[in-house]
Enquirer: 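Handing you this structure, nothing more for now.
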There are 2 protein chains.
Amino acid sequence: MSDFVHLLKTKDLKATPQRICVLRELEKKNHPTIEHLYDALRKENPSMSLATVYKNIATLKEKGIVIEVNISDGKMHYDIYSHPHVHLVCQNCGVIQDIDYDDALVAYQHSLETHKGIKVGRLDLIATIESCSFCKK
Amino acid sequence: MSDFVHLLKTKDLKATPQRICVLRELEKKNHPTIEHLYDALRKENPSMSLATVYKNIATLKEKGIVIEVNISDGKMHYDIYSHPHVHLVCQNCGVIQDIDYDDALVAYQHSLETHKGIKVGRLDLIATIESCSFCKK
DNA sequence: CTCTTTTTTTCGAATCATTCCATAATACAC
DNA sequence: GTGTATTATGGAATGATTCGAAAAAAAGAG
């Protein structure tokens, strides 16, 4: 049984081909928008409906399998959240990269918690850079 | 000359009453949505149009005076960006608080820059907490 | 202050994204 | 296989955002 089938079952979701396609596309780490997903998935499965993409993304988001990434380009991007990470966005070419947690980020979270007396549930962090290796400027 | 008039002039924007009202409302640090702004501003100025709110927010965003805050509640919130800060969001009551940069965050930014060999332009960070002093749970 | 130019505001219409709805199809447990 | 609950589909409905044209107002010059 594929990993995605197993993942869906543990979250009480039926392992439909459409859902698995969405996850497979997200796995490519392109951080696609709904429109990108719809275009990509229709190539394999022409009957795939836009409503299905919306609905599945919403469902996967509710279950914590998928997260939104807002890079302020007017469209929402989506990402599989298989492990805690943050994002790096190139302002020039728009490429989004995952960045794993490191000691310094964990230290910041601790500093927040001790200083403010709170328990942080999640850090959504987007670091913007002016250019990156993909647009080599 | 009021601070906002001066600020707008330095960004080559005309200091219209509508624009100043938007800034004054944002200054309250309610982190309002477009809808909130429209409702609040119409009370003072009933002829204020929704299109004007949208347009002014877009203009102020382009000039870097205002930033978007996406707390994943389906609506975009807006904030004056007069100095670098990040946000704390209570998942329970939805209140958004500003948090100034501290040493640990500066250290994280430095660690990103040295480790990845990049120059970070801006950090958009939203720390989610389960409950806060405003909803006292 | 008045004139001129440019920007901004306003309102309604148009557009675009997202959600809803009813029906058909499918996954999965037994 | 059969039955039941869930999901997919397409089109219509909704709701948010943008557009466009005309009127209003700001800034600057004289």
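Worth knowing before you read on, the calculation uses all heavy atoms, side chains too, and leaves out hydrogens, waters and symmetry mates. Proteins come first, then strands; the chains are lettered A, B, ... in the order of their sequence lines, and each starts at number 1.
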Enquirer: Between A/K61 and A/E68, is there a salt bridge with N-O shorter than 4.0 Å?
Expert: yes
Enquirer: Rounding to a whole Å, what distance do you find between A/I20:CD1 and C/dA27:C1'?
Expert: 11 Å
Enquirer: 5'-most contact on DNA chain D: B/L13 or B/M76, nearest heavy atom basis?
Expert: B/M76
Enquirer: Could you walk me through whether A/H31 and A/D98 satisfy the side-chain hydrogen bond (donor to acceptor under 3.5 Å, both in side chains) test, starting with their C-alpha distance in whole Å, then the side-chain angles of each, then the deciding distance to 0.1 Å, before giving a yes or no?
Expert: CA-CA 9 Å; A/H31 303 87; A/D98 287 2; 2.7 Å; yes
Enquirer: Figure out the CZ/C1' separation between B/R42 and C/dT9, and round it to whole Å.
Expert: 15 Å
Enquirer: Report for the helix from C/dC1-D/dG30 to C/dC30-D/dG1: angle between first-end and last-end helix axes, five pairs each, rounded to 10 degrees.
Expert: 50°
Enquirer: Could you check how far CD of A/E68 sits from C1' of C/dT18, rounded to whole Å?
Expert: 13 Å
Enquirer: A/V5 and side-chain contact (heavy atoms from CB on, under 4.5 Å): which partner among A/L23, A/I20, A/T10?
Expert: A/I20
Enquirer: Does a side-chain N or O of B/T16 approach OP1 or OP2 of C/dT9 to a distance below 4.0 Å, or not?
Expert: yes
Enquirer: Quick one: do A/E25 and A/K28 make a salt bridge, cutoff under 4.0 Å?
Expert: yes
Enquirer: Give the rounded distance in Å between these two atoms: NZ of B/K14 and P of D/dA26.
Expert: 9 Å
Enquirer: May I have the distance from B/D39 (atom CG) to D/dA16 (atom C1'), rounded to whole angstrom?
Expert: 14 Å
Enquirer: Check this one for me: any side-chain N or O of B/Q18 less than 4.0 Å away from OP1 or OP2 of D/dA25?
Expert: no
Enquirer: Tell me: CD1 of A/I34 to P of D/dA16, nearest whole Å?
Expert: 18 Å
Enquirer: Write out all pairs satisfying side-chain hydrogen bond (donor to acceptor under 3.5 Å, both in side chains) with one or both partners inside residues 48-60 of chain A, taking only residues at least two apart or from two chains.
Expert: A/R19-A/N56
Enquirer: Between B/C90 and B/S131, which heavy-atom pair has the shortest distance, and what is it?
Expert: SG-CA, 3.4 Å
Enquirer: How long is the line joining OH of B/Y38 and P of C/dT9, in whole Å?
Expert: 14 Å
Enquirer: Name the orientation class of the two ring planes belonging to A/H83 and A/H85 (parallel below 30°, tilted from 30 to 60°, perpendicular beyond 60°).
Expert: tilted
Enquirer: Does anything in residues 43-64 of chain A come within less than 4.0 Å of DNA chain D? Heavy atoms only, and list the residues if so.
Expert: A/S47, A/M48, A/S49, A/A51, A/T52, A/N56
Enquirer: List the atom of B/L26, the atom of B/D79, and the distance in Å for their closest heavy-atom pair.
Expert: CD2-N, 4.2 Å
Enquirer: Between D/dT6 atom P and A/D12 atom CG, what is the distance in whole Å?
Expert: 10 Å
Enquirer: Taking for each residue the nucleotide of DNA chain C with the nearest heavy atom, is it B/R19 or A/K75 whose nucleotide lies nearer the 5' end?
Expert: B/R19
Enquirer: Look only at the side chain of A/N30 and the backbone of A/P32, and say whether a donor-acceptor pair between them is shorter than 3.5 Å.
Expert: no
